[in-house]
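Predicted, not measured: the structure shown is a model, and the values here were computed from it.
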Amino acid sequence: ILYDIYWRIRNIESHNAEKTTLIPSYHQSHLEAKINDIKNKHVTQGQDVTSFAFITDMHWTTNTKVSPALLGEVCAKCNIEFIFNGGDWVNNAGAADNVVSQINEMQEMFENNNILDKTMMVLGNHDDNSTYGVASKTILQPRMFDLIFRRISADPNVVMDSDADAIGYYYKDDKFKRIRYIVLNCIDTVYDIDSANDTIEFGGQHSYEFRKRQVEWFCEEALDVPDDKWNVVICSHIPPITENIGGSDSAPNYGEHLLFILDAFINKTRYSATASGGSFGSYDIEVDFTNKGGNVIAWLAGHVHYDNVIVKHGVNIVTTINNDTTVWDDAPLKTEGTHTEQAFDIFTINTKTRSVEITRIGAGSDRSFTY
């Protein structure tokens, strides 16, 4: 008990390198059991398996801030090299500098636990602080790039769109396992700013969509895998559709077209359509995966604060509950001071059996699916 009190006081006061490595005792037995489970999967299934981590909706002000240390421990002991951080790192914070401070603190804790360089950051709808409709409070794209994506772009293994206006979408390869991890930006919007009145009419908080340029990049570059034995994992903050996904509010404009594109990728066929209904008007989509393509393991998302696994157009859409302490109706209960105060997943992929086992660290249950 005294150790747990000591940890909480130090966690509140500061988050330097020494303090972020502390893991409360009430996490220890649960964490050890989960680590042993993951390691056993690796040992029993051999060279056909690999694992990656997915943590999402950290909402920093309502987070106990222990997850970076837990995630660092799992990744170190299970040799995990790829992590998705699925967006909503914060939950809006008044002034823009408050958001920047929270994001920097979160990234610092990831760095202090040796996982920042492994982490693929995914932009969420709360992260740009545009909810107030005030331009000076909004983290505009150039600042967001400097805050998050400049570091990622410096990784020689990361491929980003060369377009000057592109932000928040890229991919990274596990060449040994032939898996491409793709990050998409479903808050791919254009800010309509009135500088004279310091207002913003159109921004990320409530504007979910994929611009034409990102869709072209997705088809022509991200899905241009070396051969058809390759697998892809896609991650966006918001699921591409709402149908049968608990907790959904609305889907990104043009999102279902990306599922049709993936269906063509899986089946090595063509797909053409005119995408319409979004803020950017209509645009044509034309893809041909004849004699190309590959496998789609899953499309991951957060945002909805619920656990879902559904199949749509041949694609597994998997959502994971929020990592912070807030709980939506019917979602797993979270209790501060216990191992259920947070939640994230470890996905273990067997590329031979085309199966995935999801190990839950924290609140909630393990899951599985095939692809």
> Considering residues at least two apart in sequence or located in another chain, which fulfil the salt bridge (charged side-chain N to carboxylate O under 4.0 Å, His left out) criterion with R360?
Replying inline: D307, D345
>> Which residues pass the side chain to side chain contact (heavy atoms under 4.5 Å, CB included) test with A298, not counting sequence neighbours?
In response: L300, N316, V318, F369
> Atom CG of N231 and atom NZ of K177: how far apart are they, to the nearest 0.5 Å?
Replying inline: 11.0 Å
> So, N91 versus T61: side-chain donor-acceptor pair below 3.5 Å or not?
Replying inline: no
>> Please list all pairs meeting salt bridge (charged side-chain N to carboxylate O under 4.0 Å, His left out) that have one or both residues in residues 314-331, counting only residues at least two apart or in different chains.
In response: none
> Should we count CG of N291 as having more than 12 external heavy atoms under 6.0 Å?
Replying inline: no
>> Taking V134 as the starting point, is it possible to reach V100 by hopping between hydrophobic residues whose side chains are less than 4.5 Å apart?
In response: no
> Is any side-chain heavy atom of I358 closer than 4.5 Å to a side-chain heavy atom of F54?
Replying inline: no
> Which residue pairs pass the salt bridge (charged side-chain N to carboxylate O under 4.0 Å, His left out) test when at least one of the two sits in residues 240-261, sequence neighbours left out?
Replying inline: E243-K312
> Sub-3.5 Å donor-acceptor pair from the side chain of R354 to the main-chain atoms of N295, do we have one?
Replying inline: no
>> Hydrophobic cluster membership, with links at side-chain heavy-atom distances under 4.5 Å among I/L/V/M/F/W/Y: are I321 and L71 in one?
In response: no
> Taking atom types as modelled, is there a side-chain donor on T338 or T340 under 3.5 Å from an acceptor on the other?
Replying inline: yes
>> Listing request: all ring-ring contact (aromatic ring centres under 6.0 Å, His included) pairs with a residue in residues 128-153, at least two apart in sequence or in separate chains.
In response: none
>> Within the 4.5 Å heavy-atom criterion, are F210 and C186 side-chain neighbours or not?
In response: yes
> Quick one: hydrophobic cluster around V43, which other residues, with the 4.5 Å side-chain cut-off, linked directly or via members?
Replying inline: none
> Short question: side chain of D194, backbone of T199 - any donor-acceptor pair under 3.5 Å?
Replying inline: no
> Under the side chain to side chain contact (heavy atoms under 4.5 Å, CB included) test, which residues partner T325, sequence neighbours left out?
Replying inline: T62, T64, E336
> Looking at residues at least two apart in the chain, or sitting in another chain, which of them share a side chain to side chain contact (heavy atoms under 4.5 Å, CB included) with N98?
Replying inline: A93, A95
> To the nearest 0.5 Å, how far apart are CD in Q45 and CG in N40?
Replying inline: 9.0 Å
> Name the one of V233, T351, V311 that satisfies side chain to side chain contact (heavy atoms under 4.5 Å, CB included) with Y371?
Replying inline: T351
>> Looking only at side-chain N and O atoms, does D128 offer a donor or acceptor that is under 3.5 Å from a partner on S130?
In response: yes
> Does R213 pair with D188 as a salt bridge, N-O distance under 4.0 Å?
Replying inline: no
> Going from CG on N308 to CD1 on I317, what distance comes out if it is rounded to the nearest 0.5 angstrom?
Replying inline: 9.5 Å
>> Using the rule given for side chain to side chain contact (heavy atoms under 4.5 Å, CB included), can you reason through L262 versus I234, listing the C-alpha separation, both sets of side-chain angles and the distance that settles it, and then say yes or no?
In response: CA-CA 10 Å; L262 288 171; I234 301 98; 3.9 Å; yes
> Hey, what's the ring geometry for Y271 with F260, parallel, tilted or perpendicular (30° and 60° as the breaks)?
Replying inline: parallel
>> Donor-acceptor check, side chain of E111 to backbone of Q107, threshold 3.5 angstrom: yes or no?
In response: no
> At what distance, to the nearest 0.5 angstrom, does CD1 of I200 lie from CG of L140?
Replying inline: 6.0 Å
> Aromatic rings F347 and F52: how do their planes relate, parallel, tilted or perpendicular, breaks at 30° and 60°?
Replying inline: parallel
> Linking I/L/V/M/F/W/Y whenever their side-chain heavy atoms sit closer than 4.5 Å, directly or via other members, would V309 and F84 fall into one cluster?
Replying inline: yes
> Does the side chain to side chain contact (heavy atoms under 4.5 Å, CB included) test come out yes or no for H339 and K34, once each step is laid out?
Replying inline: CA-CA 12 Å; H339 75 269; K34 293 295 186 173; over 6 Å; no
> What's the spacing between M58 CE and S67 OG if we round to 0.5 Å?
Replying inline: 5.0 Å
> Should S236 and W299 be marked as a side chain to side chain contact (heavy atoms under 4.5 Å, CB included) after you check the CA-CA gap, both sets of side-chain angles, and the distance that decides it?
Replying inline: CA-CA 8 Å; S236 64; W299 184 316; 2.8 Å; yes
>> Quick check on the hydrophobic clustering: are V49 and I346 connected, directly or via other members, by side-chain heavy-atom contacts under 4.5 Å?
In response: no
> Taking the side chain as C-beta and beyond, is there a heavy-atom pair between L223 and I182 under 4.5 Å?
Replying inline: yes
> Is there a donor-acceptor pair closer than 3.5 Å between any side-chain N or O of N129 and the backbone N or O of I139?
Replying inline: no
> Under a 4.5 Å cut-off applied to non-hydrogen side-chain atoms, are D163 and W217 in contact?
Replying inline: no
> Partners of Y283 by side chain to side chain contact (heavy atoms under 4.5 Å, CB included), sequence neighbours excluded?
Replying inline: K212, V215, Y254, A275, I285
>> When you measure from the side chain of R180 to the backbone of Y171, do you find a donor-acceptor pair of N or O atoms at a distance under 3.5 Å?
In response: no
> Can you name the nearest heavy-atom pair linking S276 to S282, along with the distance?
Replying inline: CB-OG, 3.3 Å
>> Could you see if F218 belongs to whatever hydrophobic cluster contains I241? Use Ile, Leu, Val, Met, Phe, Trp, Tyr and a side-chain cutoff under 4.5 Å.
In response: yes
> With no hydrogens and no angle check, do the side chains of T320 and R367 hold a donor and an acceptor under 3.5 Å apart?
Replying inline: yes
> Which residue pairs pass the salt bridge (charged side-chain N to carboxylate O under 4.0 Å, His left out) test with at least one member in residues 272-290, sequence neighbours excluded?
Replying inline: R270-D288
> Under a 4.5 Å cut-off applied to non-hydrogen side-chain atoms, are N267 and F289 in contact?
Replying inline: no
> To the nearest 0.5 Å, what is the distance between CD1 (I148) and OG (S153)?
Replying inline: 12.0 Å
>> Using every non-hydrogen atom in the two residues, find where N323 and A343 come nearest and quote the distance to one decimal.
In response: ND2-O, 2.9 Å
> Which pairs count as salt bridge (charged side-chain N to carboxylate O under 4.0 Å, His left out) when at least one residue sits in residues 74-101, sequence neighbours excluded?
Replying inline: E73-K77, E81-K118, D97-R143
> Under 3.5 Å, is there a donor-acceptor pair between the side chain of Q141 and the main chain of T189?
Replying inline: yes
> Side chains of I266 and H313: does their closest heavy-atom pair fall under 4.5 Å?
Replying inline: no
>> What verdict does the side chain to side chain contact (heavy atoms under 4.5 Å, CB included) test give for R151 and D117, after you've listed the backbone C-alpha separation in whole Å, the side-chain angles of each residue and the deciding distance to 0.1 Å?
In response: CA-CA 9 Å; R151 172 190 61 81; D117 289 342; 4.1 Å; yes
>> Taking the side chain as everything from C-beta on, heavy atoms only, tell me whether L123 gets closer than 4.5 Å to W89.
In response: yes
>> Would you say the rings of Y208 and H303 are close, in the sense that their centroids are separated by under 6.0 Å?
In response: yes
>> Can you see whether K41 engages S51 through a side-chain donor-acceptor pair at a distance of less than 3.5 angstrom?
In response: no
> Which residues satisfy the salt bridge (charged side-chain N to carboxylate O under 4.0 Å, His left out) test with D228, sequence neighbours excluded?
Replying inline: K268
> Considering only heavy atoms from C-beta outward, does the side chain of N322 approach that of K334 to under 4.5 Å?
Replying inline: yes
